[in-house]
Amino acid sequence: MPEKLYAKISDGIREQIGQGLYHPGDRLPSVRHQCRQLGVSASTVLQAYGLLQDSRLIEARPKSGYFVSLPTQIPLPPAMSKPAPTPSKVTVSELVMEVVQAIEAPRMIQFGAALPNTSAPAIRRLHQMLAQAARNPRNRTTRYAFPPGDPKLRLQIARRAVDSGCALSPDNIVITNGCQEALVLCLRAVAQPGDTIAIESPSFYGVLQAIESLGMKALEIPTHPETGVSLEALQLAFEQWPVKACLLTPAYSNPLGYCMPDEKKEALIRLLEKYDLPLIEDDIYGELGYGPSRPRAIKSWDNDGRVLLCSSISKTLEPGLRVGWTSPGRYFRKIEHLKLVTSMATATLPQIAVADYLENGGYDRHLRTMRSQYRQNRDICIDLISRYFPEGTRITRPEGGFLAWVELPGKADAMKLYRLAMEQRISITPGPLFSAKQKYRNYIRINYAPAWSTEREQAIEKLGKLLIGTL
Ligand SMILES: Cc1ncc(COP(=O)(O)O)c(C=O)c1O
C-alpha cells in the first residue's frame, strides 16, 4: 500500500527534529506556512501534525501553534551487573539459533539483530567498487587469498588503526570471515577445551556460543553500564580461578554500550601483565563513537604482544561481505595456521573491494554521517522508551554504536515479551541470550540503527503495551 501523504510529511518533520533543525520547545512552522511550502491542503498538514502529537513528539498550544515537546524524564541506566561468581558451562546455543532465525523472518519491524543502517549511500558505493573489482582482470579474484589475506586490505587496516593509537604492522594482521571467526580463532589460539575465559557480563551471544562450542567455560565478570568490567572483580577472579584469557569489548560493547575510560584500560593491561594473561579485544564498534575522538584500543598499551585485537566491517559498512580481521600479536603464526585449517581463506573479491573502498571510498565521511545519525536515533529511542514503557524501566545511554540495553521493571519476562512481539512482527533480542546461564530475564536489547519512522515508533508503543499486559 503506498504510504499516505500525511504520514510522509510527518516522517519528514520527525527527521528534521531528529537532525536538530527544531529543538525541544521550538515552535514549528504554522499550518498555513506548511500548506504553502509543501503544496498540500490544511487537513493533510493537520493530520501530519496529529500523528506527531499522537506520538507526543510535538504538542499544540492554544492560540500559539505547534511546538516540539520538552523531553520527558530520562530513565536511569541499569546498575552494575551481578553475574554468577563461578566459571560455568554455557547453554545458550539453542536459544540463540531460535532467536536469530526468527529475527530474519520477512516483513519484521527490526529491533532485534545488531545490523547497521545499510541504506547509507556508502553501501551503494561499496557495491559499485565490488563490481569494478570483479571486472578488473588484474585482480585475479578467482584465486584463494591464503592467510594472512589480501596485502592491500591489511595495509588499509594498519593505516586506520593509527586512529585507535595502534602501530599495527600489515604483517601482523590476518583477514578472517567477519569478527566472529577472528574471535573463535583467537580463543582457540590462547585456550583449550575445559579452560576458563573471563568475559564481561552481559556479553555478546556470539562469544558465549563460541565458548560453548569450544568446550570452554565462561567466567562472567560484573560490568558497569558506562565504564565496563570491574577490575577489582577481575583481579579476584584471576586469584581464585584458573583463568586462561580475557575477552572484552571495551569500546561500545554489545549489549551494554559501555566505553572503558583510558585510565582503566591502562590499569587492565598492567593487571594482565601481572598475571601473564592474554586479552582478546573485540573492537568491532570502536569507529562508531559519538564523541570528537575515537577511543584508544587497549592494544595501544600492549608492550609484549599479549593483546589479540579483532574487528570487522560488519557494524560500520555491512555484515554480508564477511570481512573481518585480527592483529593477534605474539599469536600470529598460530592464528595464521588455524585460519588455514579452518576455512582455507576469506573470499578474495570482498577483500579487494573493501581495500579499494577504505582507500578511496569516502569511509571517514560515511562514519561521520553514521555516528551523528546513531546519536540522534539514540536520543529518540530513549525518549520513546521513557514515554511508552512502564515506570521502573531503565535504559543505557551509549556514547557509541547503535544498541540500547533495557531493564524491564519488576517481574517482567523478556522471553514472554519476545514471543508476544514476534506475533506482532516486531523483533527484539531477549536478555537471556547474553549470559552463560540465561540470566537477564527482565532485559531486552534494542537496535536503534535504522531511521525512526511512524511505523517504528508505533512498534515501540506497541511493545510498551504488550509489556504492561504481561505485568
Ligand atoms: C561485539 C560483537 N562482536 C562480534 C560480532 C560478529 O561480527 P561479524 O558479523 O563481523 O562476524 C558482533 C555482531 O553482532 C558483535 O556485536
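When a ligand or atom number is given, it counts from 1 through the structure's own listing order. Everything numeric here is computed off the predicted structure, so don't read it as measured data.
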- Task: Identify which one of Pro116, Pro398, Cys381 satisfies the side-chain contact (heavy atoms from CB on, under 4.5 Å) criterion when paired with Tyr374.
- Result: Pro116
Do any nitrogen or oxygen atoms of ligand 1 lie under 3.5 Å from a protein nitrogen or oxygen, and which ones?
from, atom 1, to, atom 2, distance (Å)
ligand 1, 3 (N), Asp282, OD2, 2.5
ligand 1, 9 (O), Ser314, OG, 3.1
ligand 1, 9 (O), Arg322, NH1, 2.9
ligand 1, 10 (O), Cys179, N, 2.8
ligand 1, 10 (O), Ser312, OG, 2.7
ligand 1, 10 (O), Ser314, OG, 2.6
ligand 1, 11 (O), Cys179, N, 3.1
ligand 1, 11 (O), Gln180, N, 2.8
ligand 1, 11 (O), Arg322, NH2, 2.8
ligand 1, 14 (O), Lys315, NZ, 2.7
ligand 1, 16 (O), Asn254, ND2, 2.7
ligand 1, 16 (O), Tyr285, OH, 2.8

- Message: According to side-chain contact (heavy atoms from CB on, under 4.5 Å), who are the partners of Gln192, at least two apart in sequence or on a separate chain?
- Response: Asp195
- Is it the case that Arg154 places NZ or CZ above or below the six-membered ring of Trp325, under 6.0 angstrom from the centre and within 45 degrees of the axis? no
- Ring centres of Phe238 and Tyr275 under 6.0 Å apart? yes
- Note on the structure: Closest non-hydrogen contact found for Pro83 with Glu220 is CG-O, 3.2 Å
- Kindly indicate whether a cation-pi arrangement holds for Arg125 with Tyr357, taking the cut-offs as under 6.0 Å to the six-membered ring centre and within 45° of the axis. no
